[in-house]
Amino acid sequence: MPRFLQSRLTAEEVRIGQLSGCLDALHSGVTTLLDHFHAATTPEHAEACLEATIQSGARVIWCPARQSGPTQLFPTVEYGNEEETCKWQMEKLEEWGSKDGGKLSPDGRVTLGFA
């Protein structure tokens with residue numbers, strides 16, 4: 001079954017992509033980002049993205065999307081892991097949101113939003 005690219009990315013690939021995107025924005029003079037993060041297909045992917053965001057040094061409102069990755073694209077889009085994905089994503093959102101008013105980095109540069 002064909003799948004969307006994001007569901008094939010490893011957590012390390014997501015981390016590298018996130019870090020490079022943040023660093024590119026800083027290099028271009030952008031100092032604050034609103035990141036609608038849509039590759040949170042596993043807790044590991046989400047944590048890798050958050051780690052890279054914090055590591056970048058950028059000021060970011062980090063907004064992980066509350067959706068599961070599709071499990072099928074053709075002939076119709078299906079989301080076979082929705083219940084499982086919803087459970088861990090809601091747990092992570094609660095965890096992240098309970099930290100110091102949604103501050104995700106010690107210096108407060110990265111804060112939690114919601115996509």
Side-chain angles (χ1 to χ4, degrees):
M1 279 180 219
R3 293 177 161 221
F4 286 123
L5 176 62
Q6 77 182 28
S7 64
R8 297 222 184 247
L9 295 174
T10 67
E12 179 63 8
E13 290 167 335
V14 167
R15 188 191 70 74
I16 291 168
Q18 181 71 6
L19 182 58
S20 65
C22 288
L23 294 177
D24 184 54
L26 288 170
H27 179 74
S28 298
V30 176
T31 60
T32 304
L33 302 163
L34 174 65
D35 182 3
H36 282 235
F37 174 61
H38 292 276
T41 55
T42 70
E44 294 77 21
H45 285 74
E47 289 293 344
C49 178
L50 179 57
E51 175 188 317
T53 301
I54 293 168
Q55 183 183 10
S56 76
R59 190 176 306 115
V60 179
I61 302 168
W62 189 68
C63 305
R66 213 322 297 141
Q67 66 188 37
S68 63
T71 53
Q72 177 177 304
L73 180 56
F74 296 109
T76 59
V77 179
E78 290 182 7
Y79 297 90
N81 299 327
E82 183 61 17
E83 187 175 319
E84 174 187 329
T85 302
C86 181
K87 182 180 183 305
W88 75 257
Q89 285 179 340
M90 295 308 287
E91 289 170 358
K92 293 304 284 183
L93 286 170
E94 185 176 334
E95 174 189 327
W96 294 321
S98 66
K99 291 181 182 178
D100 197 19
K103 293 179 184 173
L104 301 176
S105 63
D107 59 6
R109 282 180 300 99
V110 180
T111 57
L112 181 64
F114 190 67

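Both backbone and side-chain heavy atoms feed into the values below; hydrogens, waters and symmetry mates do not.
Of the inter-residue distances, the one linking Q89 atom CD with E84 atom CD reads 10.5 Å to the nearest 0.5 angstrom. Interatomic distance, OG of S105 versus CD of E51, reported as 13.5 Å (0.5 Å rounding). Note that CD of E13 is 14.0 Å distant from CD of Q18, once rounded to the nearest 0.5 Å. With rounding to the nearest 0.5 Å, the separation of CD in E91 from SG in C86 is 9.5 Å.
Taking the side chain as every heavy atom from C-beta outward, P106 and D100 never approach each other to under 4.5 Å. The closest side-chain heavy-atom distance from T53 to C49 is below 4.5 Å.
A search for side-chain hydrogen bond (donor to acceptor under 3.5 Å, both in side chains) contacts involving K92 returns E47, E95, not counting sequence neighbours.
Listed here is the closest heavy atom pair of H45 and T10: NE2-C, 3.5 Å. The minimum heavy-atom distance linking R15 with A52 is given by the pair O-CB, 3.4 Å. The shortest heavy-atom contact between L19 and Q55 is CD2-OE1, 3.9 Å. When every heavy atom of A46 is checked against every heavy atom of W96, the shortest pair comes out as CB-CH2, 3.7 Å. Taking all atoms of both residues into account, the shortest heavy-atom contact from P64 to G113 is CD-O, 3.8 Å. Across every non-hydrogen atom of T32 and R59, the tightest pair is OG1-NH1, 3.0 Å.
F114 is connected to L112 through a chain of hydrophobic side-chain contacts under 4.5 Å among Ile, Leu, Val, Met, Phe, Trp and Tyr, so both are in one cluster. One hydrophobic cluster, built from ILVMFWY side chains closer than 4.5 Å, holds both L50 and L9.
Side-chain N or O atoms of R109 include none that pairs as donor or acceptor with a backbone N or O of V60 at under 3.5 Å.
For the side-chain contact (heavy atoms from CB on, under 4.5 Å) with V110, the qualifying choice from D35, L104, L33 is L104, the only one to do so.
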Test log, rule side chain to side chain contact (heavy atoms under 4.5 Å, CB included), inputs D24 and S28
CA-CA 6 Å; D24 184 54; S28 298; 4.2 Å; yes
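In the model, E44 has a side-chain atom that pairs as donor or acceptor with a side-chain atom of T42 under 3.5 Å.
Under the 30°/60° scheme for interplanar angles, the aromatic rings of W62 and F37 are found to lie parallel.
Ionic pairing of E83 and K87 is not present here: no N-O contact between side-chain nitrogen and carboxylate oxygen is shorter than 4.0 angstrom.
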